[in-house]
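So the structure is just underneath, and the comments pick up after that.
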Amino acid sequence: MTAPRQDPLRDPRFFTDPYPTYDRLREGCPVRRVPTGSGGHQAYLITGHAEAREAFTDPRLSKDTARFFADRPSDRDLHPAISRNMLASDPPAHTRHRRVATPLFTTGRVRELRPYITRVVDDLVAAWRPGTEIDLVADLAVPLPVTVVCELLGVPESDRATLAGWSHDLFDATDTDRVDAASHRIGDHLTQLVDAARATPGDGPLPSLLRDCDAGGLDRDEIVSLAALILVAGHETTTHFIGNAVLALLRHPEAFDRLRRDPDLLPGALDELLRFDSPVSVATFRHSTQDLRVGGVDIPAGFPVLIAPGAANRDPSVFPDPHRLDLDRDAGGHLSFGHGIHRCPGAPLARAEAEIALRALVTRFPNLRLAVPAESLAWHRTRLTRGLTALPLTL
């Protein structure tokens with residue numbers, strides 16, 4: 001197995017269309033050692049579906065980033081609420097956090113939220129008129145999940161746009177200083193909200209969350225960490241889910257037309273839309289704590305391991321003709337929400353938001369089309385998530 005000489009996930013062409021790169025890497029070997037970044041560091045990249053599922057559930061792959069970087073010099077300055085969240089921890093700390101977070105996103109809780117989500121969508125599209133141009137990202141895909149998750153946390157309306165901007169900055173792979181600064185702004189602001197809710201206890205989403213956190217044994221810093229994770233992870237990936245799904249449907253007009261004729265097919269179409277262009281391209285950081293073997297490849301202890309759901313979702317051994325959007329496909333095995341104990345607890349909410357948004361689009365705007373050539377669209381330059389910076393559409 002010959003390792004690439006340069007980081008294959010930093011090629012500018014990768015951000016526009018990662019799938020040729022993923023295909024090439026998977027065909028060569030679905031688990032391979034690759035250079036990462038520009039400092040000569042290396043990691044193991046997993047692009048096969050079976051291998052990704054195996055890695056997601058292997059306890060020898062730790063998510064405790066603090067443990068990995070403890071003895072390694074770093075000039076990064078992330079706020080603790082960002083660097084030590086549930087996504088960056090192992091059991092038992094992860095278990096305590098997840099026990100508090102999961103009830104926020106149960107099927108029953110999301111069912112209760114659906115009328116609110118519908119009202120938010122209705123308000124956002126109320127002024128749209130056929131024949132005019134909108135930016136789906138700025139006008140719907142960003143404000144919808146931001147509004148919903150802030151409502152879930154009890155964040156005041158006056159703070160929501162600011163927090164959304166800081167959250168967006170966290171995914172700026174080209175400017176680490178900007179990322180670090182945003183992490184402190186989010187962490188400090190949420191700390192103030194938590195402390196204010198403590199000082200004036202009462203009813204509402206945040207006081208309720210605080211009571212659940214107290215019952216779950218979470219301390220003040222852990223509560224802020226959980227709130228930050230819900231805020232950031234709860235809207236950035238959903239924004240990309242909606243944008244990627246709409247673009248996929250517009251580039252496959254027969255699929256869009258089918259949903260227009262029968263919107264009740266939408267819940268079943270969500271898995272295929274998630275599989276086809278996953279909002280999570282590469283899962284968050286893991287590292288090997290022991291020697292292990294994945295997909296027949298030996299991974300020594302002490303190495304970063306990158307699992308790529310975006311690649312696994314197009315593995316032809318699991319999804320035949322994977323580069324074709326097929327609404328009749330059984331795509332329930334996609335890995336866009338992860339797998340195992342770290343599977344995204346907010347998946348039911350993300351699905352509900354995407355379904356309600358897409359239903360509004362296909363039923364109210366049957367002539368929806370791209371306002372610019374698809375090849376001119378710009379994508380965020382980060383390997384972690386995959387999403388458009390803007391999606392100009394003509395209604």
Side-chain angles (χ1 to χ4, degrees), residues 79 81-82 85 101 104-105 109-110 112-128 134-172 178-179 181-200 202-210 212-213 223-243 279 344-346 348-354 356-357 360 380 385 387-391:
H79 190 284
I82 303 299
N85 59 54
L104 293 171
F105 306 106
R109 178 72 178 107
V110 171
E112 294 172 358
L113 282 169
R114 287 184 69 95
Y116 176 76
I117 298 169
T118 301
R119 289 197 300 273
V120 173
V121 170
D122 288 344
D123 289 345
L124 289 171
V125 305
W128 295 6
I134 56 102
D135 174 5
L136 186 93
V137 173
D139 297 337
L140 178 63
V142 167
L144 170 60
V146 167
T147 301
V148 172
V149 78
C150 285
E151 182 74 11
L152 198 65
L153 290 173
V155 174
E157 288 190 22
S158 58
D159 296 347
R160 294 177 181 182
T162 300
L163 281 168
W166 293 339
S167 176
H168 175 73
D169 287 348
L170 278 177
F171 290 85
D172 184 354
R178 182 180 179 188
V179 172
S183 76
H184 281 273
R185 292 183 179 116
I186 291 173
D188 291 346
H189 194 87
L190 290 177
T191 299
Q192 294 172 10
L193 289 179
V194 167
D195 288 347
R198 280 265 189 249
T200 55
D203 296 326
L206 189 53
S208 176
L209 178 61
L210 291 178
D212 291 341
C213 289
I223 294 170
V224 174
S225 169
L226 180 60
L229 178 63
I230 293 171
L231 172 70
V232 174
H235 86 261
E236 189 77 18
T237 52
T238 305
T239 290
H240 296 335
F241 178 10
I242 295 170
C344 176
L349 179 60
R351 293 177 66 94
E353 291 174 307
I356 292 169
H380 289 290
T385 58
L388 294 155
T389 62
L391 183 55

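Along the sequence shown, residues carry numbers from 1. In this text, all values refer to a predicted model and were calculated from it rather than measured experimentally. Scope of the values below: all heavy atoms of this structure, side chains included, with no hydrogens, waters or symmetry mates.
Across every non-hydrogen atom of Ala141 and Thr239, the tightest pair is O-OG1, 2.7 Å. For Ile117 against Leu144, the heavy-atom pair with the smallest separation is CG2-CD1, 4.1 Å. Across all non-hydrogen atoms, the minimal contact from Val146 to Ala164 is CG2-CB, 3.7 Å.
Contacts of His189 classified as side-chain hydrogen bond (donor to acceptor under 3.5 Å, both in side chains), with partners at least two apart in sequence or in another chain: Asp159.
In this structure, CG on Leu190 lies 12.0 Å from CD1 on Ile223, to the nearest 0.5 angstrom. A distance of 14.0 Å separates CZ of Arg109 from CZ of Arg114, quoted to the nearest 0.5 Å. The line from CG of Asp123 to OG1 of Thr147 is 9.5 Å long, rounded to the nearest 0.5 Å.
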Apply side-chain contact (heavy atoms from CB on, under 4.5 Å) to the pair Leu163 and His235, showing each step before the final yes or no. CA-CA 11 Å; Leu163 281 168; His235 86 261; over 6 Å; no

What do the steps show when you test Thr238 against Leu349 for side-chain contact (heavy atoms from CB on, under 4.5 Å), and what is the final call? CA-CA 9 Å; Thr238 305; Leu349 179 60; over 6 Å; no

Between Leu229 and Ser225, does a side-chain contact (heavy atoms from CB on, under 4.5 Å) hold up when you go through it step by step? CA-CA 6 Å; Leu229 178 63; Ser225 169; 5.7 Å; no

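Between Asp212 and Ser208, some side-chain heavy-atom pair lies under the 4.5 Å cut-off. Leu136 is listed as a side-chain neighbour of Ile242, based on a closest heavy-atom distance under 4.5 Å.
Looking only at distances, a side-chain donor or acceptor of Thr191 sits under 3.5 Å from a matching main-chain atom of Gly187.
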